[in-house]
Structure formats: C-alpha cells, structure tokens
Trainee: 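Let me begin by handing over the structure; questions about it come next.
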Amino acid sequence: MQFVVEYEIAAVILSLAVLFSFFRKKLVNTRLTRVFFLLVIDVLSMSAIDLIAIELNDHINEKIVWLCYLVNILYYLLNAGFSMIFYDCIRTTLSGNIIRNKFQRVRYAVPISIISLLIVSSPWTHVIFYFDEQMNFRTGWGYILMYVSAAIYLLSAIYKIILLRKEASRSQRYTVYFYVTMCITAAFIQGMNKSLVVVGFVFAVSTMMVFLSLVNPTNYFDKEMDLMNLAAFRDVFDQYKFKNKPFRIVGIQMIGIRFLIETIGLENKQEVLRKFSIKLRNACGKYQLYRVSESRIYVYIPDDDEIEQRLVKEIQKVFEESILMGDFRISLTVHIALYKYPDDADEKADVEDLIRSTLSAIYDEEPGTVVHVEKKVLAKKSRELQILQVMKKAVRRGDFYVVYQPIYSFEQKRFTTAEALVRLENDELGEVSPEEFIPIAEQNGMILQIGEFVFETVCRFVLHHKIWEKGIEYIHVNLSVIQCMQEKLADQLFRIMDLYNLDYRYINLEVTESAAIASSDVLMDNMARLIERNMNFSLDDFGTGFSNTATLIKYPFHTIKLDKGMVWEAMHNKKAEIILKNTIEMVKMLDMEIVAEGAETPEQVEKLNEMGVDFVQGFYYSKPISRDDFLQLLNDDTELRRGYD
C-alpha cells in the first residue's frame, strides 16, 4: 500500500518547533513541564519511527522481518502512550500532584499495561498487528483495543474537566475539547482512508495546543526584570511541598520602585530594574528568583542557616550600591523577610499572606532590615475571615446596631446633636471593634450595606422619637470612602428619607478628608444636591494626616470636627496648642461650626471653651450609648433645665 506520509513529516517538524520553543526560555521545573516534555518526545519519536516503519514495511524481507516487528512495536507503544500522557498533563494542571492510593494507581495503569502487553506479544499472537506469509502488514483482531485504550484516557480527561469545571480555565477546557474533536476526526479519516497517515499530525497539533495554553514559558515569565513570575513561584511551591522536605524562602521588598517613573520615566525605570535584576541574579547564584509583584521578589533556598545568612548579605550588598543612569545615580533600598517551611506555615495561600504582610509591616523600617515572618499575621487573617463571615449574616440577625454619642453645645449649655456610630456584637466573637470590622467591610464591599443600615436606622429613630422635640437639632451620620464614591449616593439617601417622610435638615453627613479627595467630583455633585434640600456636611477627623486648608475652601462643609489627637496634643504641647488655636480661629473666620472630639477632663473642656470651640464630644460628657440610654439622657437633661427655669 502506498502511504501518504506528508502529514507525518509535518508532525516531526511541528514537534521539533515545539521542542525548540520549550527549551528557548528557562522553564520552571514542575511535574507539568516534565510530563509535557515526555509528551513532546513521545510525538516526535512516534512520528519519526512511523516514517521508518513505513519505509521498512515497503522493503521487508525475511532478513529484516525482526527489525520490522521491533520498529512497529515501538511505534504502537508510543501511539498508545500518547493518550495516557496527555491525560496526565490535563490531570496535573487541574489537580497538581495527587498521591494516588493503591486502587487509583492500578486503575490508572491497567489500560496502558494491557495494550502494551498485547503490542509486545503481537509477533507471536498477531493480536494487534503481524506480517502474513507474503510479508504484507496486517492488523489483528485486537487492533480496535488501541482505540479503546485511547478512549478510556480521553474520557478520563473529559471527566476530570467536568468534575473540576469551576477550577478549570477556559484554555484547559478548550484544549481537551480540541483534542477530543481532533482524535475523532483522525479516527474517522484513518478508517476511511488507511493510506492517509494523520494520527501523528493530530497528536502533534494537540501537543502544540497544550504548549500554547498550559505550558507556554511566557506564562511563567516576567519580561520587565527577566525573572520567573508569581505563577512560577506557586507551581514550584507545590513541587517542594509534594516532596515534603523543609525549605526556606527569602522575601525581598524593593523600596522606591513606584517613584522611578516619576523621576526617570518608564523606559529608564525598566532599564534600572533590569540592571538590579542582573545584580540580584549574580548575588543569588544558582537559586532562582521569582518576581511576585512590582516590588517583591522571592527566592527559594535549602533549609540551611549558612546559605540563608550568606544570601541575605549578598542581597543587602546589591542595594547598598547605586546604579548609574546617564548623569544620575539611582538607588533602591530593601527589606527582607525570612520564611521556613513547614515551621511558619504550610499552605501556599498562608505563606504568601505571611511574607507579604510581614514585608508590609516593616515598610517604614530602616533600609536593609531583615526579619523573620510573623506567625501572628495568620491569626489576624483568620480573625478577619471570621469577622467577614459574621458580617455577612449580621444585618439579618441583628448583630449590627447603632449607638449615639451626645455632642454638647457651649452656647446653649446642653446636648444639641449626636453622632450615630455602628457597632457589631456576635455570640461567637463577642463585641467587635469598629476599628476591626470597618476596614474589612470596606475591603470586601460590605460597607455599602452597613452604611445603608445605619442611615435607615437613624432615620427611623429620629422620626419615631421626634428627637427635635427633645432639643436635638440633627444626628451626625458617617459616610465611608466607598459611599462617597457612589454617583447615586444622593438618590439612595433621598429614597430612604422619603420612605420615612423625614425632613432632610435632621441629618448631618460626616466625611473624612481622605474620602473627599478620593471621590472629589462625585462627592461635590452629591453634596450640592443634598445641601440644596437642607442637609449639612461635616469634615471629620480634621488635624490628622495631611489636613489641607484647600479642602476647607473647595467643599461646602457646615461643620469641622477636630480630631481627638490634635486636641490631646494641644493640652501639653505649646506648639500644638498654637496650631489648634489658629486652626479654630481660621475655621471661625470661614463661618463654619467647630466640634472638638476627645474631651475627657474638665481642664480640656474649659480650655476648648476658651479657645472658641462651638461643640464638644467626648467621654467627659458621655461615651457612645444605646438608643434607650440616649433618650433617657435627653429626658433627664430636659427635666434638669426645666428645674432651673
């Protein structure tokens, strides 16, 4: 029979091209890359041997019949092995390194073992193939078992994709679907025309798909610094963990990268980073570097104190020297965190959190600082997850509630306003501080739901108890940064207040300066609409961070709330006292009201009164109290004033 071998030749060329690309970039040594290497070698060898087998079969005689049998046995073994190795590639990408039990190992090996035994015994049994008396090549009754074996591994790959469909990426799914389609197509073509040799070509194309979608070296490569990336770091971690041997990671935090573009431009920044990368690679020698973020690089090393100490010193030396860029010398500084497996943590996600959080915690430390990772970071993260789970159910279960802290007016000598504050108490966690749950809520998007709950609770409270009749002019309600960034904030607040038919003047919204800056234009638009309907705004925590007079000029705030830190410092620091006095005078000249937070002693209250503050909020008068206690306080205050009258 005259065979069409052009497809098989193309398979050899395609396999060589994939092999060249495979080795062109340094790959991460993982089980996937090792299995893929076997897959490429299998296809390349199979196609090459098939060409040899076709040539030998055309010129067979009694002297070389043994050679023909040997070459054909090799071809069919490689052919049968491809489907098993392909399935192993898919299984590895989806499940990582799985330690199979005895039954799983047997089940995995049975199809390939049976078909291999039948192939090897074919010269005597003629089950798969044989040469007849006229030296013509024939297939035996068991040839169909080749397709059965391939189908078993093919169906196993499909089953794995279906079973882990949530974890499987689109490229993984498409690779399996493509392979299945190609195999069915090849089997159909081969059955219709036995002279058309296309199986090797189909396998080669499938291998190329695996390479491009699953194993491509560029998936593991950071171009900017010519290092391995986060994906590579994670795959290597899985390999080390699979071996279950101790190892260490040196976490490198490069300080100053974010300012490079501003100072020297993008192209020069990339050049600087490449130079630092070369110096780091030289310092680390044979140990591979992984760039896991813009400023962090991790290095795997053996579990050895001497190696760790030597490497740390070499890394520190790299950052002690500046890099020349034209007429400028560029310097970066470094912080280093040391991690040890499995003592510090043994789960990949925990390890990443541990190193990242430790480096973040020492960001403001001296250059060259070296610390061991802090295990308490994991406890903190576990606590945060607990709080997040509690918050998801808190509104429905009533774990969130609102307390009120009265605000005293010096002019009227009574409580005229109050601040509404959200609290969280749970049977499992007890009372959770706002300093804990508010940042978590902001990070996870729950702050919008909490903000709406607080606002509606306050509106209901104001209307139900008619607090204006008790001398309260309005309630302060805090807005988070996320709320301030909502374009439809005004509409949401109008909807809630209209639901209770509440006059807008009974609510005063508090905004921090950072929230105002983060949502500048959006907030300005919302403020204009809300102020138009008699709602007022307060600038909260003035005196912290970079308190800017430009904020007072730009935004139409009615009230300025002086942060307690600024107030406390002024009580014992002459410079701080001068700043506080001038701040109060400036705000008064801008025709804004002033609330001083944190008043706790009679001396503080007296001094603030002398300075010209309008209102005082603090423990001297009252801590944040429940709704009922707040109402009782107002009733007592009213009765007291009536007694004086």
Side-chain angles (χ1 to χ4, degrees), residues 394-409 412 414-425 434 438 441 446-480 483-484 486 488-511 526-538 540 556-559 561 593 595 614-615 617 621-642:
V395 174
R396 175 171 49 83
R397 294 173 50 179
D399 292 339
F400 279 121
Y401 62 98
V402 175
V403 295
Y404 300 86
Q405 186 170 29
I407 299 176
Y408 186 82
S409 168
Q412 300 188 42
R414 64 182 179 86
F415 299 120
T416 57
T417 63
E419 180 178 359
L421 300 164
V422 65
R423 295 292 185 261
L424 173 61
E425 187 170 5
I438 292 295
M446 286 201 63
I447 196 65
L448 294 176
Q449 185 180 3
I450 295 171
E452 185 172 336
F453 162 78
V454 172
F455 191 81
E456 186 167 354
T457 300
V458 171
C459 290
R460 189 165 55 246
F461 169 71
V462 170
L463 181 67
H464 182 70
H465 295 282
K466 299 180 180 179
I467 62 168
W468 58 86
E469 295 181 355
K470 304 178 188 298
I472 297 298
E473 297 173 3
Y474 52 79
I475 299 291
H476 292 260
V477 179
N478 291 281
L479 292 179
S480 69
Q483 284 177 288
C484 291
Q486 303 301 305
K488 296 184 178 180
L489 173 66
D491 293 328
Q492 293 167 353
L493 301 184
F494 288 149
R495 176 183 58 79
I496 294 172
M497 296 190 75
D498 291 345
L499 179 66
Y500 293 95
N501 196 26
L502 188 66
D503 195 321
Y504 300 113
R505 63 192 171 96
Y506 293 132
I507 300 294
N508 183 300
L509 298 171
E510 291 193 9
V511 177
N526 281 310
M527 288 180 75
R529 294 182 61 197
L530 291 162
I531 290 173
E532 186 180 357
R533 299 199 189 183
N534 297 323
M535 195 179 290
N536 287 318
F537 282 80
S538 297
D540 196 16
F557 289 111
H558 174 267
T559 305
K561 298 189 74 173
E593 294 182 345
V595 178
D614 299 304
F615 304 91
Q617 177 180 354
Y621 290 102
S622 175
K623 65 180 182 179
I625 53 180
S626 69
R627 175 196 61 190
D628 293 339
D629 289 343
F630 177 54
L631 291 171
Q632 185 61 49
L633 179 67
L634 295 180
N635 289 332
D636 292 346
D637 189 48
T638 301
E639 291 298 324
L640 185 62
R641 283 189 286 109
R642 285 175 181 169

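The residues of the chain are indexed from 1 along the displayed sequence. Note that the structure is a prediction, hence the values are computed from the model and not measured.
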Trainee: Please lay out, stage by stage, how Val458 and Ile507 fare under the test side-chain contact (heavy atoms from CB on, under 4.5 Å).
Mentor: CA-CA 9 Å; Val458 171; Ile507 300 294; 3.8 Å; yes
Trainee: Name all residues meeting the side-chain contact (heavy atoms from CB on, under 4.5 Å) criterion together with Asp503; count only those two or more places apart in sequence or in a different chain, and write none if there are none.
Mentor: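 Per chain and number, Asp503 pairs via side-chain contact (heavy atoms from CB on, under 4.5 Å) with Arg505, Tyr506.
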Trainee: Which residues pass the salt bridge (charged side-chain N to carboxylate O under 4.0 Å, His left out) test with Arg397, sequence neighbours left out?
Mentor: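 If we apply the salt bridge (charged side-chain N to carboxylate O under 4.0 Å, His left out) test to Arg397, skipping adjacent residues, the hits are Asp399.
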Trainee: When you measure from the side chain of Arg627 to the backbone N and O of Phe461, does any donor-acceptor pair fall under 3.5 Å?
Mentor: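 Checking the backbone N and O of Phe461 against the side chain of Arg627, no donor-acceptor pair under 3.5 Å is found.
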Trainee: Tell me the closest heavy-atom pair linking Ser538 and Asn508, and the distance in Å.
Mentor: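 Looks like OG-OD1, 2.7 Å.
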Trainee: Is there a donor in the side chain of Glu452 and an acceptor in the side chain of Gln492, or the other way round, less than 3.5 Å apart?
Mentor: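 No donor-acceptor contact under 3.5 Å links the two side chains.
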Trainee: With a 4.5 Å limit on heavy-atom distance, are the side chains of Arg414 and Ser409 in contact?
Mentor: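 No, every pair of side-chain atoms sits at 4.5 Å or beyond.
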Trainee: Roughly how far, to the nearest 0.5 Å, is the CZ atom of Phe537 from the OG1 atom of Thr559?
Mentor: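 It comes to 11.5 Å.
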Trainee: Could you work out, with side-chain contact (heavy atoms from CB on, under 4.5 Å) as the rule, every residue matching Leu448, not counting sequence neighbours?
Mentor: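 Scan of Leu448 (side-chain contact (heavy atoms from CB on, under 4.5 Å), adjacent residues dropped) gives Ile482, Gln483, Gln486.
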Trainee: What is the distance from atom CZ of Phe415 to atom CZ of Phe615, rounded to the nearest 0.5 Å?
Mentor: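 The CZ atom of Phe615 is 13.0 Å from CZ of Phe415, to the nearest 0.5 Å.
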Trainee: So for atom CG, which belongs to Asn501, do other residues, nucleotides or ligands contribute more than 12 heavy atoms lying within a distance under 6.0 Å?
Mentor: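 Atom CG in Asn501 is not packed in, count stays at 12 or less.
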Trainee: Roughly how far apart are Leu634 CG and Glu469 CD, rounded to 0.5 Å?
Mentor: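 It is 12.5 Å, given to the nearest 0.5 Å.
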Trainee: Within the distance-only criterion (no hydrogens, no angle test), does the side chain of Asn526 pair as donor or acceptor with the backbone N or O of Ala490 below 3.5 angstrom?
Mentor: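 Judged by distance alone, yes, a pair lies under 3.5 Å.
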Trainee: Taking the side chain as every heavy atom from C-beta outward, state whether Pro434 and Leu421 have any pair of such atoms under 4.5 Å apart.
Mentor: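 Pro434 vs Leu421: side chains apart.
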Trainee: Which heavy atom of Leu424 sits nearest to which heavy atom of Ala394, and what is that distance?
Mentor: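 That would be CD1-CB, 3.8 Å.
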Trainee: Does the side chain of Tyr474 come within less than 4.5 Å of Ile467's, by heavy atoms?
Mentor: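 In short, these two side chains do not touch, never coming nearer than 4.5 Å.
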Trainee: Within a strict 4.5 Å, meaning less than it, do heavy atoms of the Ile472 and Tyr404 side chains meet?
Mentor: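 No, side chains not in contact.
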Trainee: Atom NE2 of His476 and atom OG1 of Thr417: how far apart are they, to the nearest 0.5 Å?
Mentor: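 Answer for the NE2-OG1 pair, His476 versus Thr417, is 4.0 Å.
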Trainee: List the residues meeting ring pair (Phe, Tyr, Trp, His ring centres under 6.0 Å) with Phe400, not counting sequence neighbours, and say none if there are none.
Mentor: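 In terms of ring pair (Phe, Tyr, Trp, His ring centres under 6.0 Å), with neighbours along the sequence ignored, Phe400 is linked to Phe437.
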Trainee: Where do Cys484 and Val511 land on the side-chain contact (heavy atoms from CB on, under 4.5 Å) test, with the steps shown first?
Mentor: CA-CA 8 Å; Cys484 291; Val511 177; 3.9 Å; yes
Trainee: Which pair of non-hydrogen atoms, one from Ala420 and one from Val402, has the smallest distance, and what is that distance?
Mentor: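 For Ala420 and Val402, the tightest heavy-atom pair comes out as CB-CG1, 3.9 Å.
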Trainee: Can you confirm whether the side chains of Tyr621 and Gln405 place a donor and an acceptor under 3.5 Å from each other?
Mentor: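 There is no such pair (donor and acceptor under 3.5 Å, judged by atom type) between the side chains of Tyr621 and Gln405.
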Trainee: Tell me, with the steps shown, if Val462 and Trp468 meet side-chain contact (heavy atoms from CB on, under 4.5 Å).
Mentor: CA-CA 8 Å; Val462 170; Trp468 58 86; 4.1 Å; yes
Trainee: Do Met497 and Phe455 have side chains that approach each other closer than 4.5 Å (heavy atoms only, starting at C-beta)?
Mentor: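 Heavy-atom side-chain distance check passes, below 4.5 Å.
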Trainee: A side-chain contact here means heavy atoms from C-beta on lying under 4.5 Å apart; do Pro406 and Phe630 qualify?
Mentor: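 Yes. Closest side-chain heavy atoms under 4.5 Å.
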Trainee: Using the side-chain contact (heavy atoms from CB on, under 4.5 Å) rule, take Leu489 and Leu479 through it: C-alpha gap first, then chi angles, then the decisive distance, then the call.
Mentor: CA-CA 10 Å; Leu489 173 66; Leu479 292 179; 3.9 Å; yes
Trainee: Mind checking whether Tyr504 and Leu493 have side chains closer than 4.5 Å, heavy atoms only?
Mentor: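 Tyr504 does not reach Leu493 side chain to side chain.
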Trainee: Holding to salt bridge (charged side-chain N to carboxylate O under 4.0 Å, His left out), I want the full list of residues that pass it with Asp498, two or more places apart in sequence or in another chain.
Mentor: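 Expected list: none.
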Trainee: Contact between Val477 and Val454 at the side-chain level, heavy atoms closer than 4.5 Å - yes or no?
Mentor: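 Val477 vs Val454: side chains touch.
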Trainee: For residues Asp491 and Arg529, report the shortest heavy-atom separation together with the two atoms involved.
Mentor: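 Looks like OD1-NH2, 2.6 Å.
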Trainee: By side-chain contact (heavy atoms from CB on, under 4.5 Å), which residues pair with Asp540, not counting sequence neighbours?
Mentor: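 Result, side-chain contact (heavy atoms from CB on, under 4.5 Å) vs Asp540: Asn478, Glu510, Thr512, Lys561, Glu597.
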